[in-house]
Engineer: 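I am attaching a structure below and will ask some questions about it afterwards.
Here is the naming used below: chain letters follow the sequence lines, and residue numbers restart at 1 for every chain.
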Amino acid sequence: MWSISDKGEREFTGGKEDWAAVAHIAENCPGFKPDDEDEMVADEAVSCYNCRYRRWTIKSFVCCK
Amino acid sequence: MKILVSIDDTDTMKMDGVEVRGTGELSGMIKQAIEDQRWGRCEPITRHQLLIHPDIPYTSHNSSMCFEADIEHVFLKPLIDFASDFLARESTPDSDPGLCVAVTDRISRPGRLIAFGYMAKNYVLTKLAAYNLAETLGIHLSEHGGTGQGVIGALAGAGLRLSGNDGRFKGKLKIKAENNMIKAGDICSRVKVDMVKCLEEGIVLQDDDMVILGDHIKPVWLYGKSVLLVQAIDQGVASPACWQTCSKSQLKDF
Ligand code: SF4
């Protein structure tokens, strides 16, 4: 589910459209914090895709928490 | 006169629990200040997605925010001074904020500004290119901390807003309607929406077409208009409405 980059960053391997997986991760993550409304893209309120600590990458996102 | 005010790269990742204002919020505060000081009237803010690339030092999403304002000539300099000071003061210390203020009908070659905006969605651009273009076109472009890298996104945001065909509006619209159902024409008369249109096909809804409102009512900037995108409802569902507003995930690419 996660790969570790050369820089030691944790990148989600499911890409940008694995809505169910990232909702599940975020629901179980103590670090989840909602991003600004304008930056949210997932319909599920609690989702890594809507989290303040996700940083988009070309293929997916890294978790910066 | 009409101006475009665009900012970029004012925030940082908030790792220490400290609340920091995002670019959208700062843009909203500049807009509010313009109205509070009676310098002019402002249009809603649009958010423009730029390229995500390892060579670009963005925070988490690399987007810029832009709005149009109609002001008197005499307020142009005070506005630029205010926005510059505001960004230097309010942006987070390790951000790289940039400010662009373009007087729309003084831009000598608007096509070049629009092209720069689209280039910033697809290529890694340099600060030098941004400054050179701004100077050529007679546009104010300034940096207010850090590396000043945000000037690229700020200029690009103005170009994309000027294109009339990029981005989604900041914030959500609130529309009261019985059973969350409303005519397309009533949407346009009650809130800042110029057109209700089908997401996938070129169908523009007629005034009497019924729409079911979801909880995410956010127009996009298309054809130089505020356009609310809707999708067809499965005809198997018994409802007087044939359309419903698009969800967040459906609008993510705008
Ligand atoms: S992005 Fe990171 S901090 Fe946020 S919910 Fe996902 S795993 Fe947790």
Engineer: Non-hydrogen atoms of chain B under 4.5 Å away: do they reach the side chain of Glu17(A), the backbone, both or neither?
Structural biologist: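 Contact with chain B involves the side chain of Glu17(A) alone.
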
Engineer: Mind checking whether Tyr49(A) and Trp56(A) have ring centres under 6.0 Å apart?
Structural biologist: yes

Engineer: Heavy-atom pairs under 4.5 Å with chain B - which of Glu39(A), Lys16(A), Met40(A), Glu44(A) has more of them than the others?
Structural biologist: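 Option with the top pair count is Glu39(A).
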
Engineer: If you tally heavy-atom pairs under 4.5 Å against chain A, which of His216(B), His53(B), Gln49(B), Lys172(B) wins?
Structural biologist: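 Top option by heavy-atom pairs under 4.5 Å: Lys172(B).
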
Engineer: Before we go on, tell me: are the rings of Trp221(B) and Phe67(B) under 6.0 Å apart, centre to centre?
Structural biologist: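 No, they do not, as the ring centres are separated by 6.0 Å or more.
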
Engineer: Between Lys170(B), Lys248(B), Lys252(B), Arg47(B), which has the largest tally of heavy atom pairs under 4.5 Å with chain A?
Structural biologist: Lys248(B)

Engineer: Taking atom NZ as the centre, does Lys225(B) end up with more than 12 heavy-atom neighbours from other residues, nucleotides or ligands that are less than 6.0 angstrom away?
Structural biologist: no

Engineer: Side chain, backbone, both or neither: which part of Ile45(B) has a heavy atom under 4.5 Å from chain A?
Structural biologist: neither

Engineer: For Arg41(B), does the CZ atom sit with more than 12 other heavy atoms under 6.0 Å from it, leaving out its own atoms?
Structural biologist: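 No, not enclosed.
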
Engineer: Working to the nearest 0.5 Å, report the span between CZ of Phe12(A) and OG of Ser60(A).
Structural biologist: 6.0 Å

